[in-house]
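Please read the structure below before turning to the comments.
Quick note on labels: first sequence line is chain A, next is B, and so on, each numbered from 1.
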Number of protein chains: 2
Amino acid sequence: MFEFFIVKNRKPLLSVMCELLGMSANVPTDICFSFCGLLERGGRTGPHKDGWGITFYEGKGCRSFKDPLPSCDSEIARLVRSYPIKSRAVISHIRQANRGKVSLENTHPFIREMWGRHWTYAHNGQLSNYKSLLKPEIYQPVGNTDSELAFCWLMDQVRQKYPTKPKNMQTVFRFIAKQAETLRGLGVFNMLLSDGVYLMAYCTSKLHWITRRAPFGKATLIDTDWVIDFQEETTPDDIVSVIATEPLTGDETWQKMGTGEFLLFKQGELIFNSAKA
Amino acid sequence: MFEFFIVKNRKPLLSVMCELLGMSANVPTDICFSFCGLLERGGRTGPHKDGWGITFYEGKGCRSFKDPLPSCDSEIARLVRSYPIKSRAVISHIRQANRGKVSLENTHPFIREMWGRHWTYAHNGQLSNYKSLLKPEIYQPVGNTDSELAFCWLMDQVRQKYPTKPKNMQTVFRFIAKQAETLRGLGVFNMLLSDGVYLMAYCTSKLHWITRRAPFGKATLIDTDWVIDFQEETTPDDIVSVIATEPLTGDETWQKMGTGEFLLFKQGELIFNSAKA
């Protein structure tokens, strides 16, 4: 399935900020169009000029494309944009540096292996007074961002709690959400996390999500008149959820996440919502 | 500096096999030309049709491009080939599957974080009767190759021996070489390993290396009449070492590694040679 596939009347994007973008789908789905919009905002129409990255899962494997260059100037971004990789789980991030210099090692998403799975993470926000609290041992940050340190700390907490992979993965993500509350106490912590099967969203200040399923219709990107028709090339069984800092379309109903809210998606479906638990 | 930059009279490559390719340099250097040759051999002129991968370090960060498709058919390979990323440490691999299915998660190089550094590894060879011996705990394979399992086991051995990063990194690589002897007892184990600063080569059956420095001259790729001129765009201080399964050029003196031999490169220079220790 294509996430978006009809593009008409392209106009310059306005300054809608969109730092985090995640997708969960029950069939391999490309995220090219959303990602294209995101890239435009990276230094051209938006303030997020300090690098970008995207990770696609394909089975248990994943591939990442990253660049510390503004996405609008990135040769690699152009390459990714022209090559529709289909995936059931995607995490993407455009960076406006606050903590940590602009460099490849500070570019999201960050990845670590746990229990024989690649875990992918991206963070929007800024933490303060965290260095005395966040002292991971098993996982160590390579760069010097608060984001990567928080990721390593989260993974460390999980490894300490669960030395081996438990059967019930929902309990793991609920445990992570509980740890994320500690991070929320240190500042703004909007976060996407995936092991390739599950996609977790944790919100402090700003995250929106939508689940698309049959009957599919058309949609229009915010701040542009790009028209998207989801009906073509989809099947009635396709389910795709998209999570983004700001809604990407204006004529669909996006859900706004609340402070401290945590969502868990699998195969495109929302399977846990802390606000309704 | 460009590793190679004058290409003349391109002819089809013959079937020289080249599975592993590594580079260590004291200035950011592109490996495009060698990599292009490698890619041609991936399914077109050589038997290595089961995926390819390359990891470039840029500072402490690294970026990988991988594809389970034959490299000669890979859209991503074409993208990498046209985009000269400059790096001081590179590891590349073209795969002919023996153990483990053809998939993204089984595609080399494999990467794990240790002591706040990304460690990159690629293996050529095949191991037997290894499952009872190789049971890593901290690092777990994501795919099902003997290669990734051996990497996780090596990293586990290092973590157990050195819970924190020792000051003398040479001792770490010597310890890894000692562990590699155990792997060599299980089959063929030709291996490249890097933390972005050091590049280690361990040989069981087939690895060759060369260090290029001023005065630079011309060289001709084996099985083709591609002519390379290293003198242009280099400075007298540039030092680049290349390690490959088979020599890439015919009119330079490549060193053949012996069974159980281990080399350590840093900033383009060979800094340890077990055969001369």
Which of the residues [options] is involved in the greatest number of heavy-atom pairs with chain B at under 4.5 angstrom?
options                      : value
A/Arg112, A/Glu58, A/Lys66   : A/Arg112
A/Cys62, A/Ser64, A/Gly143   : A/Cys62
A/Arg159, A/Gln140, A/His118 : A/Gln140

Identify which part of B/Glu113 has an atom lying under 4.5 Å from any heavy atom of chain A, answering side chain, backbone, both or neither. side chain
Proximity breakdown for B/Ser103 and chain A, heavy-atom pairs closer than 4.5 Å: neither
Look at the aromatic rings of A/His108 and A/Phe110 and report parallel, tilted or perpendicular, splitting at 30° and 60°. tilted
Give, as side chain, backbone, both or neither, the part of [X] having an atom under 4.5 angstrom from any heavy atom of chain B.
X        : answer
A/Arg63  : both
A/Cys152 : neither
A/Glu148 : neither
A/Tyr139 : both

Pair [X]-[Y], side-chain donor/acceptor within less than 3.5 Å:
X        : Y        : answer
A/Ser147 : A/Tyr121 : no
B/Asp238 : B/Asn26  : no
A/Thr120 : A/Tyr57  : yes

Taking the six-membered ring for Trp, are A/Phe173 and A/Tyr198 ring centroids under 6.0 Å apart? yes
Under 3.5 Å donor-acceptor, A/Lys60 side chain and B/Val142 backbone: yes
Heavy-atom closest contact (B/Leu154 atom, B/Phe189 atom, distance): CD1-CZ, 4.0 Å
